[in-house]
Amino acid sequence: MSKIIEGLRYSDTHEWVKVEGDIAVIGVTDFAQKEMGEITYVDCPDVDDEFAKGEEFGALESVKASSDLYCPVSGTVVEVNDAVVDGPELVNADAFENWIIKVRMSDASELDSLMDAAAYRAMTGE
Amino acid sequence: MKYYDKLIFELSKEGRVGYSLPSKCDRCAGTEAIPAGLKRAEPARLPQVSELDVVRHYTNLSQMNFGVDTGFYPLGSCTMKYNPKINEEIAAMPSFAALHPLQKDLPGVQAVYDGLDKALAAITGMKHFTFKPCAGAHGELTGLMIIREYHMSRGDLKRTRIIVPDSAHGTNPASAAVCGLEIVQVKSNADGLVDVSDLKPLLDDTIAGIMMTNPNTLGLFEKDIREIAQLVHDAGGLLYYDGANMNPLIGTVRPGDMGFDVMHLNLHKSFSTPHGGGGPGSGPVGVCEKLVPYLGVNVSGFNGNFGVMLRAYAYILMLGRQNVKLCGKLATLGANYIKESLKDVYELPLPQVCKHEFVFDGLKSGTATTLDVAKRLLDYGYHAPTIYFPLLFHQAIMIEPTETESKETLDAFIDVMRRIAEESVSDPEILHNAPHDTPISRPDETAAARNPILKYWDACGC
Amino acid sequence: MMAGFQYFPQTAPDIQAMLDRIGVKSLDDLYSDVPAGFLYKGEYDLPDAMTEQEVRDFFEGLAAKNPRLTVFAGAGAYDHYTPAVIPYITQRSEFLTAYIPYQCEISQGTLRYIFEYQSMICTLTGMDVSNASMYDGPTAAAEAMRMSVAQAKKKNTVLVSNTLLPQVRGVIATYARYYGVTIKEIEPYAGQTSICSLEKLMQEGDVAGVIVPSVNRFGIIEDLTGFADMIHADKALFTIYCDPSALAVVKTPAEWGADVAVGDGQPLGIPLCYGGPYVGFMACRKDYMRKLPGRIVGQTADKEERRAFVLTLQAREQHIRREKATSNICSNESLMALWVTVYLSLMGPEGMKQVNDLCWQRSHYLYSRLLETGKFQAVFPDAPFLKEFVLKPLVPASDLQKTLSDAGFFAALETEEGYVSFCVTEKRSMAQIDTLVNALKS
């Protein structure tokens with residue numbers, strides 16, 4: 001059974017969001033990292049790149065799979081987690097501890113359309 | 001096979017040469033006359049080795065390889081049939097091999113193009129072929145371009161969506177995507193065939209056509225093809241035939257008769273040309289009469305892989321109208337024979353008669369995975385079948401024997417597959433750790449992807 | 001039930017035993033799932049089966065109908081010498097009759113030579129990463145066009161130099177038409193890609209990539225000074241199309257500041273063979289490694305820590321990306337990559353330099369001898385060329401071609417401007433050059 005953390009928001013494409021003021025900290029869920037298997041590469045955007053909600057911002061790769069990452073909220077990238085770029089295995093080790101990007105949200109109301117932990121748990125059937 | 005660890009760069013010694021060239025005149029200028037700003041700074045770091053060094057090195061490398069001439073190669077969807085040796089001699093004839101691609105007035109060459117075109121048209125029921133595509137995926141792309149061009153030429157610009165079954169080869173959606181088409185997936189039914197009821201609502205005036213493989217990637221004949229063709233044509237779409245699985249139909253069924261408008265053939269699969277470790281192939285595209293005007297689509301540099309065409313034509317002339325009739329049937333016989341001989345120990349999800357290939361969904365008992373079975377087969381001197389494809393089954397093992405394999409070869413393979421099934425219960429570890437008797441054991445693919453070493457100097461740090 | 005056929009090993013009793021195991025009566029019963037109307041009942045319109053000897057005679061007869069001409073033409077296919085070792089090695093059945101190295105434990109031969117090939121392409125081009133090869137040069141250039149657009153995300157125009165070979169521009173145009181990319185042509189100036197034209201097109205905006213040749217269709221070694229800065233200022237991808245044989249002596253794509261190098265490996269000892277099989281190559285800087293199409297081989301270790309090679313970075317590939325793919329290439333041109341690898345191993349750095357020296361020397365000799373005939377004018381007198389050059393004919397090109405062909409030469413190909421081109425490789429002797437010139441004089 002995958003770990004799901006209360007208090008975070010979740011997208012149906014398996015990203016999680018932790019809100020810190022107007023900043024959204026974004027990563028992938030434990031469920032997603034398990035599905036991928038050993039992650040070999042995290043493709044990240046550049047700081048200052050802008051994304052609309054639902055837009056592709058990067059990708060995870062494993063030996064035999066590739067999975068695009070979608071931005072759960074609209075905004076501008078303010079920070080990229082270099083640690084996961086250099087060590088993609090960190091996402092396998094702890095998907096919630098090892099965030100991928102931080103985005104300054106342009107419309108915080110978009111958070112309402114994301115799932116809470118219970119809804120995400122129901123969606124993944126866990 | 002034995003492990004050999006050298007790379008050609010490691011044999012290099014300053015001053016050693018492996019060539020002979022005419023001496024240049026010392027008075028005349030050479031490349032030192034190239035203006036300084038246009039010269040490369042340092043010579044390329046190529047090896048300096050003798051002719052014998054080269055011959056031994058590559059001979060040693062070859063001995064870590066397994067080909068059709070080494071042993072049975074039941075790789076599903078790849079049609080690893082025997083590659084006749086006469087074909088090689090013909091392709092190497094100097095009067096063909098020395099021709100410049102822009103030379104005109106070559107009656108001998110024209111006869112090869114015309115003769116092969118006519119023969120493939122006879123076998124497939126298509127009108128004419130283009131030989132420019134260099135491989136199967138290249139043929140798919142070319143065929144889809146022809147479909148798009150047909151619709152565009154009629155001013156029918158909104159037809160930009162293409163239907164692809166969920167069991168399709170991975171190249172189908174990729175070819176469609178790079179051809180600017182949007183992919184619409186149609187589901188398979190419980191029998192593993194295109195679900196006609198799922199197809200019907202997808203058909204509207206935005207559909208350019210449907211890509212089908214028949215028999216499909218499960219080795220099953222799409223029985224409803226007549227109805228599917230009717231539905232797609234009535235909706236204004238065209239039918240594309242993925243010729244990767246043409247082998248069982250050679251001499252029995254013609255795609256043109258089933259209503260297909262465009263198709264590609266893999267000369268390296270169905271028509272016996274060697275696979276060459278992954279090319280060169282040839283993927284000629286055939287069309288029905290109304291699409292002939294669009295055959296000129298320009299997808300490669302010159303005239304296609306002429307050397308591969310020569311081999312395929314030689315094979316077809318050996319087959320002739322007599323032997324052609326047995327080609328597909330014997331391929332189908334071999335596949336059904338293996339299927340029926342192993343279905344008590346391997347999970348057979350779709351029990352009906354198959355064509356040239358079929359799919360097991362892993363072992364019936366034990367903890368061994370399909371990967372374990374595949375790797376254990378290597379120990380017993382067989383190439384593994386295609387595994388984990390099609391995606392419809394989690395433990396897919398796709399077996400294609402081809403018509404060039406004898407009953408004795410198939411019986412020996414069946415025995416080994418049964419022995420592996422027994423081992424999976426009695427000694428599963430031997431499967432989990434297989435292969436044991438190959439030049440290397442299972443390599444660390446995760447490390448390869450995380451820290452890519454893609455050329456010699458990445459590893460030696462020099 | 002049949003006379004024996006050498007590629008079908010099944011005897012009549014074999015077939016019967018197999019049918020019995022399956023539980024059907026006849027081979028036709030294996031097609032019971034095919035609707036009756038689709039089973040082909042007619043006679044196939046094919047010749048009678050030939051014996052092996054008849055097949056050989058048939059092709060020898062066809063081959064004899066093709067005139068054998070001495071090639072003084074290039075235009076994308078070059079008649080360099082093929083050392084005997086190459087066909088000897090590439091005909092080894094372990095290489096010839098294998099397929100894509102899916103089972104790496106029994107494919108280390110293929111995987112190792114591809115790794116060597118990638119290394120050699122990298123050192124020739126100066127790039128960091130090469131793929132395992134592509135169909136041919138023009139399709140590799142078309143892949144670079146798609147790669148440009150894929151990396152740029154929101155820009156959709158690719159600039160293509162007019163000085164690229166027509167077949168390269170043609171295939172790029174075909175791929176772009178259906179992929180939905182706008183192609184604009186950079187004009188030539190004095191036989192080279194015009195940097196002024198490039199600047200003007202860059203200013204129009206939307207440029208995702210630029211493709212120019214190293215040695216161009218006039219045979220001229222282009223001076224690409226200033227190109228990289230101008231292209232990179234707009235975050236566009238800079239691709240150079242090159243002759244890999246020439247790269248042994250001319251400035252590399254990396255030295256010009258390019259991001260991607262593509263071209264055709266044919267000049268590395270692959271026979272002309274009426275246009276194929278050849279091999280495309282494609283290499284890039286490390287930043288674009290994960291956008292590079294095609295297969296890539298990487299080094300790793302097996303469980304016993306022995307050096308081992310595998311197909312790697314497969315997450316880029318079509319069988320995983322499916323409808324999100326930016327390339328549909330599946331296999332490569334593996335045996336031809338081996339061909340090139342063996343060629344470069346034999347030649348080494350010194351052999352490659354000598355080949356280019358001989359090309360330079362002999363082509364310049366032909367160039368001046370042709371001008372002496374009074375039947376040509378120089379077109380680009382100050383531009384440096386390596387083995388191929390163009391002249392303006394003072395008589396109709398078709399007359400020249402006819403005269404040369406009658407004398408046993410294939411030469412004087414007409415360009416789109418009405419110039420004629422000649423090419424001289426190390427295979428052409430001084431005596432052959434003199435004979436060609438004399439044929440024109442008479």
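First the proteins, then the strands, lettered A, B, ... as listed; each starts at 1.
- Counting heavy atoms of neighbouring residues, nucleotides and ligands inside a 6.0 Å radius, atom NZ of C:K353 exceeds 12 of them.
- Listed options B:G304, B:A176, B:A447 were ranked by heavy-atom pairs under 4.5 angstrom with chain C; first place goes to B:G304.
- The environment of CG in C:D48 is crowded: more than 12 heavy-atom neighbours from other residues, nucleotides or ligands sit within 6.0 Å.
- In this structure, C:Y7 and B:Y82 have tilted ring planes: the angle between them lies in the 30° to 60° band.
- By the 30° and 60° cut-offs, the orientation of the rings of B:H275 relative to C:Y99 is perpendicular.
- In the model, B:Y3 has no side-chain atom that pairs as donor or acceptor with a side-chain atom of C:E304 under 3.5 Å.
- Between the CG atom of B:L317 and the CD atom of C:E52 there is a distance of 12.5 Å, given to the nearest 0.5 Å.
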Q.
What verdict does the side chain to side chain contact (heavy atoms under 4.5 Å, CB included) test give for C:F8 and B:L319, after you've listed the backbone C-alpha separation in whole Å, the side-chain angles of each residue and the deciding distance to 0.1 Å?
A. CA-CA 10 Å; C:F8 298 162; B:L319 278 182; 3.8 Å; yes

Q: Could you check C:V355 against B:Y19 for side chain to side chain contact (heavy atoms under 4.5 Å, CB included), going step by step and ending with a plain yes or no?
A: CA-CA 10 Å; C:V355 164; B:Y19 62 87; over 6 Å; no

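- Under the side chain to side chain donor-acceptor pair (under 3.5 Å) criterion, C:Y102 pairs with no residue at all, not counting sequence neighbours.
- For the set B:L141, B:V112, B:V17, the count of heavy-atom pairs under 4.5 angstrom toward chain C peaks at B:L141.
- Taken from CD1 in C:I22 to OG in B:S341, the straight-line distance is 8.0 Å, to the nearest 0.5 Å.
- Defined by atom type and a distance below 3.5 Å, a donor-acceptor pair is present between the side-chain atoms of B:N305 and C:E333.
- Every residue was checked against the salt bridge (charged side-chain N to carboxylate O under 4.0 Å, His left out) condition with B:R148, not counting sequence neighbours, and none meets it.
- Ring geometry for B:F306 against C:Y274 counts as perpendicular: the plane angle is over 60°, on a 0 to 90° scale with 30° as the lower cut.
- C:Q299 and B:K455 share no donor-acceptor pair across their side chains, judged by distance under 3.5 Å alone.
- In this model, a donor atom of one side chain and an acceptor atom of the other lie less than 3.5 Å apart for B:N65 and C:T110.
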